[in-house]
*Asks:* 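Before I ask anything, here is the structure I am working with.
Chain A is the first sequence line, chain B the second, and so forth, proteins listed ahead of strands; every chain is numbered from 1. Being a predicted model, the structure only gives us computed values, none of them experimental.
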2 protein chains.
Amino acid sequence: MKHSKNRKDEIYAVAAKLFRKRGYVASTMRDIAELVGIEPSSLYSHIKSKEEILINICSNCANEFDEGMDVILNSNKTNPKKVEALVDLHLDIAYNKPSSVTVFNDEWRHLPEKDLHLFLEKRNAYEANFKSILRDGMHKSEFIEMSESTAFHLIINSVKWIHYYSKKMTQDQLELKRKEIKYFISRGLGLKTN
Amino acid sequence: MKHSKNRKDEIYAVAAKLFRKRGYVASTMRDIAELVGIEPSSLYSHIKSKEEILINICSNCANEFDEGMDVILNSNKTNPKKVEALVDLHLDIAYNKPSSVTVFNDEWRHLPEKDLHLFLEKRNAYEANFKSILRDGMHKSEFIEMSESTAFHLIINSVKWIHYYSKKMTQDQLELKRKEIKYFISRGLGLKTN
DNA sequence: CCTACCGATCGGTAGG
DNA sequence: CCTACCGATCGGTAGG
């Protein structure tokens, strides 16, 4: 059991790396097996299917974002501070789990229909929460007035490239990027402070 | 011959749309054939291979960016105006050819080795040109001082989501987004004007 | 542009 | 965890 659990984790980790590098569809069970060091059919002693791997990577990642969002929503931070915390959330996950995040960002469309549906629902809810912070901040003149949707995409995409580079980045280099990204977003949103 | 040319264009257009929707690897020649309305094997009267389609989409798109970059580099605009022109370039291509741009952005890694090598070289050259404008602008204090690399990624990713939505967007809606994106970037780069 | 077809490779199963 | 194997599907070719 313990051994099997380790194997399972290993399979997931190897698969996430491979999916990140080649994409989900182009990654084969034979590739994964070879990287793990077992025969392809042996994978099925630990996992149910290739799709199951994708489903788990995506839903684990979604949960991490959701939990972060919950903490931030329930905090008594100002809206600018909430946005800053969201940037931190994205950067930390991207730095600590670059493979999972890349799969989450780029491979979700290959989820089977039911999971895809759930995924998109969760993603829409996350986006709605993010926008509610932006909207509230604009109403209170904490941010410059602009389209919530545009602001959302601008902020999220200011952060959405780190995971491609985080494997080549030290913690110190990340912190430098973090500051620059935050300043850029703060100025972009029209904050005088910081 | 004329008929054949139209068919070829049609195949490329259909393939680009499908690659955008499903990804290159998950799109089959049978899918493309069905959308065109011919038998799968008939595709090969007009094209050489599936890879050839990807190669052409990517290189056409790369050329469009390169030509835009050349015009901007050889203009006598100020650096902020050059950045603004680059933003326009990206937005216009994203709006007018959303399928090609998506394939160019997300599917290039499936290029065969030689073409992949060429692609990455071109992409690096483009990035170097982009950064040279940023560097020059920082030296002249037209922009706030920051890492060229970070600035590059922040600007490019402020624009790199439009192509996912441009099919649902009218020209007027694009122009609104364009303004907001430009303001955001201008403020992010520390420009007082605009 | 079609009919007919092929070798390669895929995800996955049976049985131990 | 392995050996042996399978049906489905892939990109592509031969020949007309």
Side-chain angles (χ1 to χ4, degrees), chain A residues 1-59 103 107-116, chain B residues 1-59 103 107-116:
Chain A
M1 267 301 175
K2 199 197 295 179
H3 181 247
S4 178
K5 181 69 161 57
N6 289 346
R7 262 301 196 221
K8 190 167 184 171
D9 290 346
E10 190 189 355
I11 291 168
Y12 274 90
V14 161
K17 277 187 198 175
L18 194 64
F19 292 173
R20 180 194 196 223
K21 191 178 170 189
R22 302 235 178 107
Y24 173 72
V25 183
S27 301
T28 71
M29 297 305 274
R30 284 160 176 84
D31 292 332
I32 296 172
E34 196 180 348
L35 287 167
V36 173
I38 60 179
E39 293 300 314
S41 60
S42 302
L43 291 171
Y44 296 91
S45 302
H46 304 96
I47 56 153
K48 230 181 63 193
S49 65
K50 189 186 174 188
E51 276 184 343
E52 191 200 49
I53 304 179
L54 181 64
I55 294 167
N56 275 322
I57 294 173
C58 287
S59 77
V103 173
E107 307 296 332
W108 57 266
R109 66 174 153 184
H110 298 112
L111 286 167
E113 208 188 295
K114 276 194 182 178
D115 303 271
L116 180 62
Chain B
M1 266 300 174
K2 200 196 294 180
H3 182 248
S4 179
K5 182 67 162 56
N6 289 345
R7 262 301 196 222
K8 190 166 184 172
D9 290 345
E10 190 188 356
I11 291 168
Y12 274 90
V14 161
K17 277 187 198 174
L18 194 65
F19 292 173
R20 182 196 194 220
K21 189 178 171 189
R22 302 236 177 106
Y24 173 74
V25 184
S27 300
T28 71
M29 297 305 273
R30 283 161 176 83
D31 293 332
I32 297 171
E34 196 179 348
L35 288 167
V36 173
I38 58 179
E39 293 301 313
S41 59
S42 303
L43 291 170
Y44 295 92
S45 302
H46 304 97
I47 57 152
K48 233 180 63 194
S49 66
K50 188 186 176 189
E51 276 183 343
E52 192 201 47
I53 304 179
L54 181 64
I55 294 168
N56 275 321
I57 295 173
C58 287
S59 78
V103 173
E107 306 296 333
W108 58 264
R109 66 175 151 181
H110 298 111
L111 286 167
E113 209 188 296
K114 276 194 180 179
D115 302 271
L116 180 62

*Asks:* With heavy-atom distances below 4.5 Å as the criterion, would you say the side chains of A:Tyr12 and A:Ile47 are in contact?
*Replies:*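 When only atoms from C-beta onward are counted, A:Ile47 and A:Tyr12 do touch, with a gap below 4.5 Å.
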*Asks:* What verdict does the side chain to side chain contact (heavy atoms under 4.5 Å, CB included) test give for A:Arg20 and A:Lys17, after you've listed the backbone C-alpha separation in whole Å, the side-chain angles of each residue and the deciding distance to 0.1 Å?
*Replies:* CA-CA 5 Å; A:Arg20 180 194 196 223; A:Lys17 277 187 198 175; 5.6 Å; no
*Asks:* Could you pull out the closest heavy-atom pair between B:Leu43 and B:Met29, with the gap in Å?
*Replies:*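 What the structure gives for the nearest pair is CD1-O, 3.2 Å.
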*Asks:* List the residues meeting side-chain hydrogen bond (donor to acceptor under 3.5 Å, both in side chains) with A:Arg30, not counting sequence neighbours, and say none if there are none.
*Replies:*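 Residues passing side-chain hydrogen bond (donor to acceptor under 3.5 Å, both in side chains) with A:Arg30: none at all.
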*Asks:* Within residues 11-22 of chain A, find the residues that approach DNA chain C with a heavy atom at under 4.0 Å, and present them sorted by residue number.
*Replies:*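 Going residue by residue through residues 11-22 of chain A, none turns out to have a heavy atom under 4.0 Å of DNA chain C.
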*Asks:* Does any non-hydrogen side-chain atom of A:Arg22 lie less than 4.5 Å from one of A:Asp31?
*Replies:*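 Yes, their side chains come closer than 4.5 Å.
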*Asks:* Looking only at non-hydrogen atoms, find the nearest pair between B:Gly23 and B:Ser27 and report the distance.
*Replies:*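 That would be O-OG, 2.7 Å.
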*Asks:* Between C:dC1 atom P and B:Glu34 atom CD, what is the distance in whole Å?
*Replies:*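 Rounded to whole Å, this separation is 16 Å.
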*Asks:* Do A:Glu51 and A:Tyr24 come close enough that some side-chain heavy atom pair is under 4.5 Å?
*Replies:*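 The answer is yes, as the side chains (C-beta and beyond) meet within the 4.5 Å cut-off.
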*Asks:* Can you find a donor-acceptor N/O pair under 3.5 angstrom joining the side chain of B:Ser45 to the base of C:dC1?
*Replies:*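 Answer yes: a donor N or O sits under 3.5 Å from an acceptor.
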*Asks:* Taking Watson-Crick (N1-N3 plus N6-O4 or O6-N4) and G-U wobble (N1-O2, O6-N3), each under 3.5 Å, can you produce the dot-bracket string of DNA chain C? Use [ ] for crossing pairs and | for inter-strand ones.
*Replies:* ||||||||||||||||
*Asks:* Only counting residues at least two apart or in another chain, list the ones meeting side-chain hydrogen bond (donor to acceptor under 3.5 Å, both in side chains) with A:Asp115.
*Replies:*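 With neighbours one apart ignored, the set is empty.
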*Asks:* Can you tell me how far P of C:dT3 sits from CD of B:Glu39, to the nearest Å?
*Replies:*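 Roughly 5 Å, once rounded to whole Å.
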*Asks:* Could you pull out all residues at least two apart from B:Glu34 that satisfy side chain to side chain contact (heavy atoms under 4.5 Å, CB included)?
*Replies:*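 Residues passing side chain to side chain contact (heavy atoms under 4.5 Å, CB included) with B:Glu34: none at all.
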*Asks:* Summarise how protein sits on nucleotides 10-16 of chain D as a single string, 5' to 3': B when a protein heavy atom is under 4.0 Å from the base, S for sugar-phosphate-only contact, - for no contact.
*Replies:* BBBB---
*Asks:* Is the number of heavy atoms from other residues, nucleotides or ligands under 6.0 Å of B:Lys50 NZ greater than 12?
*Replies:*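 More than 12 heavy atoms, drawn from other residues, nucleotides or ligands, come within 6.0 Å of this atom.
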